[in-house]
Amino acid sequence: MSEEPTFHEDKAIWPPIDPIAAGLKGRCPRCGEGRLFSSFLTVGKECSVCRLDYSFADAGDGPAVFVILIIGFIVVGLALWAEVSYAPPLWLHFLLWIPLTLVLCLTALRLFKGVLITLQYRNKAAEGRLDRGS
């Protein structure tokens with residue numbers, strides 16, 4: 001029965017990679033080569049190169065929260081600036097800001113999810129558990 005290597009054994013086998021770069025590229029957090037995503041936002045089952053099991057990967061709502069706050073701030077700021085400076089009609093606001101929001105949010109969501117998963121692996125982050133001993 002083969003067991004998953006511990007973190008220290010893992011570091012000896014696979015040299016450390018930059019988790020930010022790997023996450024932005026959508027690559028495996030251990031080897032930096034295999035694909036992290038099987039589709040646009042769906043995390044794959046395992047790395048095709050190093051066979052790392054991606055079952056640990058659970059970014060939760062973190063990426064969505066970051067995207068909402070950052071992209072919302074940018075788009076609302078730009079929309080307010082455009083309204084105060086140029087006073088465009090409402091239909092122009094819709095034509096500008098809805099597509100921009102969709103494109104920015106979808107792009108940023110994949111990037112943030114990849115980065116958070118690679119950082120989760122690098123920092124050995126896991127679900128909190130209660131210690132019921134003693």
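Residues Val103 and Val75 fall into different hydrophobic clusters, defined by Ile, Leu, Val, Met, Phe, Trp and Tyr side chains chained together at heavy-atom separations under 4.5 Å. Transitive grouping of hydrophobic side chains (ILVMFWY, heavy atoms separated by less than 4.5 Å) brings Leu41 and Ile70 into a common cluster. Connection of Val67 to Leu104 is established within a shared hydrophobic cluster, with ILVMFWY side chains joined at heavy-atom distances below 4.5 Å, either directly or through further cluster members. Linking ILVMFWY residues whenever their side-chain heavy atoms come closer than 4.5 Å, directly or via other members, places Ile74 and Leu95 in the same cluster.
The line from CG of Asp61 to CG of Leu116 is 11.5 Å long, rounded to the nearest 0.5 Å. With rounding to the nearest 0.5 Å, the separation of CD1 in Ile71 from CG in Leu109 is 10.0 Å. If you take SG on Cys31 and CZ on Arg51, they are separated by 10.5 Å, rounding to the nearest 0.5 Å. Rounded to the nearest 0.5 Å, atoms OG (Ser55) and NZ (Lys45) are 10.0 Å apart. Atom CH2 of residue Trp14 and atom CD of residue Glu33 lie 9.0 Å apart, to the nearest 0.5 angstrom. For the atom pair CG of Leu102 and CH2 of Trp97, the computed distance is 13.5 Å after rounding to the nearest 0.5 Å.
By the 4.5 Å heavy-atom criterion applied to side chains, Glu83 and Pro88 are counted as neighbours. Taking the side chain as every heavy atom from C-beta outward, Leu100 and Leu96 never approach each other to under 4.5 Å. With contacts defined as side-chain heavy-atom distances shorter than 4.5 Å, the pair Cys28/Cys50 qualifies. A heavy-atom distance below 4.5 Å is not found between the side chains of Arg30 and Ile17.
Here the closest heavy-atom approach between residue Asp53 and residue Glu46 is recorded as CA-CB, 4.2 Å. Annotation for His93 and Ala82: closest pair CE1-CB, 4.4 Å, computed over non-hydrogen atoms. Of all the heavy atoms in Gln120 and Ala57, the pair that sits closest is OE1-CA, 3.9 Å.
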query = Where do Leu36 and Arg27 land on the side-chain contact (heavy atoms from CB on, under 4.5 Å) test, with the steps shown first?
reply = CA-CA 5 Å; Leu36 181 61; Arg27 298 294 178 194; 5.9 Å; no
message = Could you walk me through whether Phe37 and Thr42 satisfy the side-chain contact (heavy atoms from CB on, under 4.5 Å) test, starting with their C-alpha distance in whole Å, then the side-chain angles of each, then the deciding distance to 0.1 Å, before giving a yes or no?
response = CA-CA 5 Å; Phe37 297 103; Thr42 305; over 6 Å; no
request  = Begin with the C-alpha distance, continue with both residues' side-chain angles, and end with the deciding distance and a verdict on side-chain contact (heavy atoms from CB on, under 4.5 Å) for Leu111 and Val115.
outcome  = CA-CA 6 Å; Leu111 296 174; Val115 168; 5.6 Å; no
request  = Determine, step by step, whether Tyr54 and Leu52 satisfy the side-chain contact (heavy atoms from CB on, under 4.5 Å) criterion, reporting the C-alpha distance in whole Å, the side-chain angles of both residues, the deciding distance to 0.1 Å, and the verdict.
outcome  = CA-CA 6 Å; Tyr54 291 151; Leu52 174 65; 4.0 Å; yes
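Taking a 6.0 Å sphere around CZ of Phe66, one finds it holds 12 or fewer heavy atoms contributed by other residues, nucleotides or ligands. For CZ of Phe40, the number of neighbouring non-hydrogen atoms (other residues, nucleotides, ligands) closer than 6.0 Å is greater than 12.
Using the six-membered ring where Trp is involved, Trp81 and Tyr86 have ring planes that are perpendicular, over 60° apart on the 30 and 60° scheme.
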